[in-house]
Every structure is written in C-alpha cells, then in structure tokens.
Amino acid sequence: DDDANGYIDDWRGWDFANDDNNPSDDNGHGTQVAGIIGAEGNNNEGIAGVCWSCDMMPLKALSSSGSGAWSDIINAVEYAKSMKARVGNLSFGAYGAAPEEAKRAFAAANETLWCAAAGNGELPHNGNQIGDDLDEFHFFPACLDVGHLLAVTAIDSKGQFAEFANFGRFMV
C-alpha cells in the first residue's frame, strides 16, 4: 500500500465485491458502458465514446451476477470521493428505498457528478415490459435527491423515451 490509502496496489482500481485489486468485469455490462463513455474515436475501430480522452478508474461493487451488498456500494462511493473522481457512472439500480448510509455517502460525495441508470421497466405490467414511473416506484440510486446526480434513461431512434425506459419528473 505505497499510497497509504488502505488498498494495496489499487493502481488499476478496486473490486469492493471481492476486496481485491482486480476490478475486471466478469459480467460484461461495465465494460460495455465504459466503452460508450470513453472509447477512443477516429481510429477505425467501429466505435467512438462520448469522451475520447478521459481517464477511467474502474471500481466494482457488484458480483458477476449483478448482485451485491450496500456496504460495497457505499465503500466504492467513498473511495471515489477520496480519489477526487469528477464523474461517476452508476450503471446499476434496484427498486425500493436506499439505506440511510447509502444516502449519506452519495450526499457527501458532492464533488462528483453521479450519472445513474434509471432502469428499464422491470416491474410486471399485465405481462408487458413498459417503463416504470419512478415518481411512483423509486429506483436507487437514480431517485436519490442529491443535486449532483443525473438520472439517465434510454431513448429510441427518434429521440423519444424508449418503450421500456423508466421515466419520472426528474427526467428531462
């Protein structure tokens, strides 16, 4: 732990789910989202990210199945804060209320702009997959009431909410 932050050899990020310095994506979703965010463009590779020259700090808080403990998510948020992350991607979520500890951790990490997935209509509606109104069905962390969190949803090819995309008053 040459930087004395409590995480040995965290030069490539940290895996809070397995408590080690290998945040490799064993689910595939994080790598896909990271590519959308920061894939280098204009290089004949077939994809260009939103920001071609950003630095990324991989932090993993969920298992390969996409489940995890609130404590791991909280620890990842606190780590990102301690490392002075400017933007954080939260491409996960769960319906229901977040524990107070998680709310406090996100509120305290106010130097970071958090981009949180709004979800994809996962509640059953007469057998149809349609987006859920997050004013009625809260989805964490997208529904956290902190001024430095941006909920992100899906749009279709016409720029409209995708049929399955969650929505709510917080969405613009």
Side-chain angles (χ1 to χ4, degrees), residues 1-39 49-51 54-123 131-132 134 136-154 164-166 168 170-171:
D1 188 15
D2 53 357
D3 59 1
N5 69 353
Y7 298 95
I8 298 171
D9 292 334
D10 58 333
W11 57 270
R12 62 179 172 170
W14 196 259
D15 179 348
F16 292 89
N18 295 303
D19 196 30
D20 63 35
N21 67 346
N22 183 4
S24 294
D25 182 6
D26 50 10
N27 179 280
H29 184 70
T31 299
Q32 177 186 7
V33 173
I36 292 168
I37 294 168
V50 175
C51 181
C54 63
D55 292 326
M56 290 196 188
M57 175 178 42
L59 302 179
K60 179 180 171 185
L62 302 178
S63 70
S64 61
S65 66
S67 61
W70 286 110
S71 59
D72 292 334
I73 294 168
I74 293 166
N75 288 336
V77 168
E78 291 173 345
Y79 180 91
K81 179 181 189 285
S82 73
M83 299 301 284
K84 300 183 180 355
R86 295 186 316 180
V87 179
N89 172 60
L90 307 166
S91 54
F92 65 88
Y95 287 93
E100 288 303 315
E101 297 84 10
K103 292 177 185 178
R104 283 194 295 274
F106 277 101
N110 59 3
E111 297 293 319
T112 303
L113 170 62
W114 296 99
C115 300
N120 294 328
E122 297 158 14
L123 297 175
D132 299 318
L134 297 188
E136 183 178 354
F137 303 104
H138 294 271
F139 193 75
F140 173 85
C143 289
L144 278 177
D145 189 15
V146 293
H148 52 279
L149 186 137
L150 176 68
V152 180
T153 194
F164 57 84
N166 285 349
F170 60 90
M171 307 297 291

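In this text, all values refer to a predicted model and were calculated from it rather than measured experimentally.
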Quick one: are K103 and L144 in side-chain contact, heavy atoms under 4.5 Å?
yes
Within-4.5 Å side-chain heavy-atom neighbours: Y7 and N21
no
In Å and rounded to the nearest 0.5 Å, what is the CG to OH distance from N166 to Y95?
4.0 Å
In terms of heavy-atom contacts, W70 and A97 come closest through CZ2-O, 4.4 Å
Does atom CD1 (I8) have a neighbourhood of more than 12 heavy atoms from anything else shown, all under 6.0 Å?
no
Smallest separation among heavy atoms of S63 and A17, with atom names:
N-CB, 4.3 Å
Side chain N18, main chain D20, donor-acceptor under 3.5 Å:
no
Closer than 3.5 angstrom, by distance alone: can the side chain of T112 be matched with the main-chain N or O of W114 as a donor-acceptor pair?
no
Decide yes or no for P141 and F92: does some side-chain heavy atom of the first lie under 4.5 Å from some side-chain heavy atom of the second?
yes
So do the side chains of D145 and F106 get within less than 4.5 Å of each other, counting heavy atoms only?
no
Search all heavy atoms of C115 against all heavy atoms of V87 and return the closest pair with its distance.
SG-CG1, 4.3 Å
How many angstroms lie between CZ in F140 and CG in L134, if you round to the nearest 0.5 Å?
13.5 Å
Kindly indicate whether the side chain of P58, heavy atoms from C-beta on, has any atom under 4.5 Å from the side chain of R12.
no
Interatomic spacing from NZ in K81 to CD in E111 - rounded to 0.5 Å
8.0 Å
Ring centers of W14, Y79 separated by less than 6.0 Å:
no
Value for CG (N75) from CG (L59), rounded to nearest 0.5 Å, stands at 11.0 Å
Give the intermediate values and the outcome of side-chain contact (heavy atoms from CB on, under 4.5 Å) for residues M83 and N5.
CA-CA 10 Å; M83 299 301 284; N5 69 353; 4.2 Å; yes
Mind checking the CE-NZ spacing from M57 to K84? Nearest 0.5 Å is all I need.
11.0 Å
Gap separating the OG atom of S91 from the CD1 atom of I36, nearest 0.5 angstrom
9.0 Å
What are the two closest non-hydrogen atoms of C54 and I37, and how far apart are they?
SG-CG2, 4.4 Å
How close do T153 and A118 get, heavy atom to heavy atom, and via which atoms?
CB-CB, 4.0 Å
Among D19, D15, D10, which one satisfies salt bridge (Lys or Arg N to Asp or Glu O under 4.0 Å) with K60?
D15
Closest contact, heavy atoms only, A154 versus A165:
O-CB, 3.4 Å
With the side chain counted from C-beta on, respond yes when L62 and N27 share a heavy-atom pair under 4.5 Å apart, and no when they do not.
no
Quick one, V33 and H29 - any side-chain contact, counting heavy atoms below 4.5 Å?
yes
